[in-house]
Participant: 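Below: one structure in structure tokens.
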Amino acid sequence: MVFSLKKMFFICVFLLLVFTPVFSQDGEDLRGLTVPQEASFTYISQYERDTGLFSSSLTGLDLIKVGLDFSSCPAETTEGQLIMEQYRQLVEEVRTKTYQRMPLAERGEAVLRLMYRDILKKYVLKESSITAMFQKGQYNCVSATLLYVALAKEAGLETTIYKTTDHSFCAIKTEDRLIEVETTNPYGFDPGTKKALPAQKKGATSWAVIPQRYYRNKITISDRVLASLVGGNISTLAMKDNDFGLAVPLSIARYEFTRKEDSTGAQQVKDEFDIVLTNYVYHLQDVGRHVAALEWMRSATEEWGVSTTWQKCIDVVVHKSVVFYLNQSKVEQAQEVYDGWSQQLTERTQEEVAFNLFVGTMDAGIKDVEPAKALSFLRTMEQHPVASSIKGAAKLKENREYIWQSQVKVLVDQQQFLEAAAVARQGVQALGTSRVLSNLEKQCLNNHAVTVHNKYAALFNQKKYQEALEVVQQGLMEVPGNRTLQADLNKVQRALRN
């Protein structure tokens, strides 16, 4: 099976890359992860050795060796040498005159039978490792297809490799047509045709038919991309186990191994590479390692440039880091992050992050500060570039209103409603216009009128009409036109006349 990537974390320790360690500010390395100084896959194909030129085609031997590299078992190791010996024995057989005299179709089917006779024992969906295939007989579509293509090349057959979103298989070219090979089944040669099974009893004949499938989304891929699928599947599984130390370098190795190739398959490798690096940086942030995330992202950007996916990563990570520091009231650190990355952000993200910094700077400047000093600080913020934007101006005004409101609240809590109204009015004058403070002034005046009314009512009920008159007249001077106090005035005047 070919495992697809959907927002996955991907990164690995691949022994065949040359790395320069990247360290976080606290001196700890990034869980052993590094960014290559010279990110290049050190395996050189036979064609490259012979000509010095790049080619997407590999020999059968190349395919097995690269597959072993991606399986973390280089051919030069003791374990790798044993596997290479197994492979050489298979090669010797497919190169015999018996095979070479066969028609192409018959030869292609014989290669598949040989694989199941000597190597393949059990299909395991998640097992792409070439090591597991040779040592345990466990295989899936990627490892089985790689082995078939390698042996087919050794047998003198011309192959075409196919990949879908979740499967890989191949075909061989015969004298008159292409014949597909479903490598995950011993009877998968030329699906749709029936194959005779070994007789279970005398005189009995059994048949097997592997249904032919039509893959609408299949693409043709190169030998290099096929080999890289081994690393792709292994790195995906490593990511699911949070084994980033295995997943990232594998993804890097895949990309470096195919990056010179111009094909849909190679572009898919690049797309997956971008996703892997993106999700690793996201992971570092998720576990609170913002400095490490930014440093790793910087190194990766310098090494591999910026793609559409990576640009989104930069935007998200920088924005999230700035917000993280602002939430901790670490404005200087937030500003430092923005200054270091602003030129690499999209215009929209620049505006969003700059606005967040503007807001964070204001919040820090007015936190636990006396109102007068807070208002003075906010006046200096009027010179900030963001203050001239619609959002910035609105936020600045909102904060100034908040300071005035806080002063009003102190007086309201002391039931000094008339004084509170005066402060709210002063705020409106300072701001030019403020619906919030204007409404607050009205509420305070209404509350003051209620206080006056209650005082008046107590005197009126005690028949102290003259004192009640004086109270309500004073109230109307303070809250002109208040209907409740005007009614009180009319009532007490009638009482006095009677």
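The model shown is predicted, which means the values in this text are computed figures rather than measured ones. Starting from 1, each residue takes its place in the sequence as its number.
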Participant: Between the side chains of Thr164 and Asn217, is a donor N or O closer than 3.5 angstrom to an acceptor N or O?
Facilitator: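 There is no such pair between these side chains.
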Participant: Donor-acceptor check, side chain of Thr77 to backbone of Cys73, threshold 3.5 angstrom: yes or no?
Facilitator: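 No; zero donor-acceptor contacts below 3.5 Å.
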Participant: So, Thr131 and Glu79: side-chain donor and acceptor under 3.5 Å apart, yes or no?
Facilitator: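 Distance-only check fails for Thr131 and Glu79.
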Participant: Would you check, one step at a time, whether the test ring-ring contact (aromatic ring centres under 6.0 Å, His included) holds for Phe189 with Tyr148?
Facilitator: CA-CA 11 Å; Phe189 189 83; Tyr148 183 88; 7.3 Å; no
Participant: Parallel, tilted or perpendicular for Tyr325 and His290, by the 30°/60° rule?
Facilitator: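 Tilted: the ring planes of Tyr325 and His290 meet at 30° to 60°.
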Participant: Are Glu398 and Lys395 within salt-bridge range, i.e. N to O under 4.0 Å?
Facilitator: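 Looking at Glu398 and Lys395, the cut-off is met.
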Participant: Look at Lys330 together with Glu336 and state whether they make a salt bridge at an N to O cut-off of under 4.0 Å.
Facilitator: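 Looking at Lys330 and Glu336, the cut-off is not met.
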Participant: Pairing donors with acceptors under 3.5 angstrom, does anything connect the side chains of Asn356 and Glu352?
Facilitator: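 Glu352 and Asn356 do not have a side-chain donor-acceptor pair below 3.5 Å.
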Participant: Could Arg254 and Glu272 be called an ion pair, given the rule that one side-chain N must be under 4.0 Å from one carboxylate O?
Facilitator: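 Counted as a salt bridge, because a side-chain N and a carboxylate O are separated by less than 4.0 Å.
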Participant: Under a plain distance cut-off of 3.5 Å, with no hydrogens placed, do Asp274 and Thr309 share a side-chain donor-acceptor pair?
Facilitator: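 The answer is no; no qualifying pair exists.
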Participant: Given the rule in the salt bridge (Lys or Arg N to Asp or Glu O under 4.0 Å) test, do Arg259 and Glu256 qualify, once you have shown the distances and angles that lead to the verdict?
Facilitator: CA-CA 5 Å; Arg259 71 184 303 180; Glu256 292 298 333; 2.8 Å; yes
Participant: Would you please classify the geometry between the Phe355 ring and the Phe358 ring as parallel, tilted or perpendicular, with 30° and 60° separating the classes?
Facilitator: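 Judged by the thresholds at 30° and 60°, the geometry between Phe358 and Phe355 is tilted.
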Participant: Under 4.0 Å between a side-chain nitrogen and a carboxylate oxygen: does that hold for Asp69 and Lys65?
Facilitator: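 Salt bridge absent between Asp69 and Lys65.
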Participant: For the residue pair Tyr255 and Phe273, categorise the inter-ring angle as parallel (less than 30°), tilted (30 to 60°) or perpendicular (more than 60°).
Facilitator: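 Parallel: the ring planes of Tyr255 and Phe273 meet at under 30°.
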Participant: One thing to verify: whether Arg88 and Glu92 come together as a salt bridge, which I'm taking to mean a side-chain N less than 4.0 angstrom from a carboxylate O.
Facilitator: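 Salt bridge flag = no for Arg88 with Glu92.
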